[in-house]
Amino acid sequence: MADSFDVKIIPEFDGTSQPVTEWFEKVELVCKLRNVKDLTTVVPLRLTGGAFAVFQQLAESDKKEIEKVKSALYSAKFTAYELFMARRLKSDEVVDVYLADLRRLSYLFGGVSDTALLCAFVAGLPDTVRQLLRAGTRLEAMKLDQVLDRARVLLREESSTAAAAQMRWGATRSRDSPPTRRQDFTCYNCGQPNHLARDCLMPRTRRRGSRSGRVTCHYCREVGHFAASCPENSVGEGASAPAPSQVL
């Protein structure tokens, strides 16, 4: 049976307050003196800040193995630094979330000054926003919160501009796109569907005003009269019907 003891005799560990190896040595010593065999029942209770975040990211099975917890805390500083250096604002990410994650990562590897955090923040913004920030403001004279406010405005403007450009592009594409060609045309020359008389490959045998009787009505498809005089065309389509092709 483990001896009861106040875990507060073990200092809290946030990942930066002291070297992780030194902290673990003290935890192991206290647990040994108090006859605590399972360090995983004690360690999580004394983790805070970035160190606790590292612990929370472990798989549930790994949280129960002290060596894996220790390994994660040992490597957290180097991993956090690499992630901090590579961090960029994601396309669908709120800029405040991006800055908060930069703070978290910097905290894990020991922290950075506000100036360094500001530089990392600006470097991770989209190119257009970063250039506007540098051109329109004196960053060296501004605080991080001021730069954050300015970045919010620029990102909203960029988003609105991109949306407007997308709408204009869509309208232009719709206007310039050729209309869909209907496939129910009937040739007035040969009477076959899906092409016009001007594209017909058959000989031009029908002549306007011809008395041969070979004129075909485009309304009822009968031979010998035009659509304008078709007995089945009660409304009369002569005005809108194309004239039959002529023999060249």
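Count residues from 1 along the sequence. Predicted model only: the values in this text are computed from it and were never measured.
The shortest side-chain heavy-atom distance between L148 and Y98 does not fall under the 4.5 Å cut-off. Side-chain atoms of V95 and L99, non-hydrogen and from C-beta on, never get closer than 4.5 Å to each other. Proximity of K26 to L29: side-chain heavy atoms (C-beta onward) are nowhere separated by under 4.5 Å. Under the 4.5 Å side-chain criterion, counting only non-hydrogen atoms from C-beta, V129 is not in contact with L89.
When the options L133, D127, T128 are evaluated for a side-chain contact (heavy atoms from CB on, under 4.5 Å) with R130, the one that passes is D127.
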Side-chain donor-acceptor pairs of residues 40-58 under 3.5 Å, sequence neighbours excluded:
unit_1	atom_1	unit_2	atom_2	d
T40	OG1	D38	OD1	2.4
T40	OG1	D38	OD2	3.1
T41	OG1	D38	O	2.7
R46	NE	V7	O	3.3
R46	NE	I10	O	2.7
R46	NH2	I10	O	3.0
Q56	OE1	K63	NZ	3.4

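With hydrogens and angles disregarded, a donor-acceptor distance shorter than 3.5 Å links the side chain of W23 to the backbone of P11. S106 places a side-chain N or O within 3.5 Å of a backbone atom of L102 that can act as its donor or acceptor partner.
Here the NZ atom belonging to K37 is positioned 9.5 Å from the NZ atom belonging to K32, to the nearest 0.5 angstrom. Here CG of L155 is found 9.5 Å from CD of E157. Values are rounded to the nearest 0.5 Å.
No single ILVMFWY cluster, assembled from side-chain heavy atoms under 4.5 Å apart, contains both F121 and V94. In terms of hydrophobic clustering, with Ile, Leu, Val, Met, Phe, Trp and Tyr side chains grouped at heavy-atom distances under 4.5 Å, V97 and L105 are assigned to different clusters. Linking ILVMFWY residues whenever their side-chain heavy atoms come closer than 4.5 Å, directly or via other members, leaves V153 and L132 in distinct clusters. Tracing side-chain contacts under 4.5 Å through hydrophobic residues (I, L, V, M, F, W, Y), one reaches M85 starting from L117; they form part of the same cluster.
The two residues A120 and F84 come nearest to each other via the heavy atoms CB-CZ, 3.6 Å.
The 12-atom threshold is exceeded at CZ of F24, counting heavy atoms of other residues, nucleotides or ligands nearer than 6.0 Å.
Among residues at least two apart or in separate chains, there is no side-chain hydrogen bond (donor to acceptor under 3.5 Å, both in side chains) pair with a member in residues 112-123.
Taking R103 as the reference, nothing meets the salt bridge (charged side-chain N to carboxylate O under 4.0 Å, His left out) condition, with sequence neighbours excluded.
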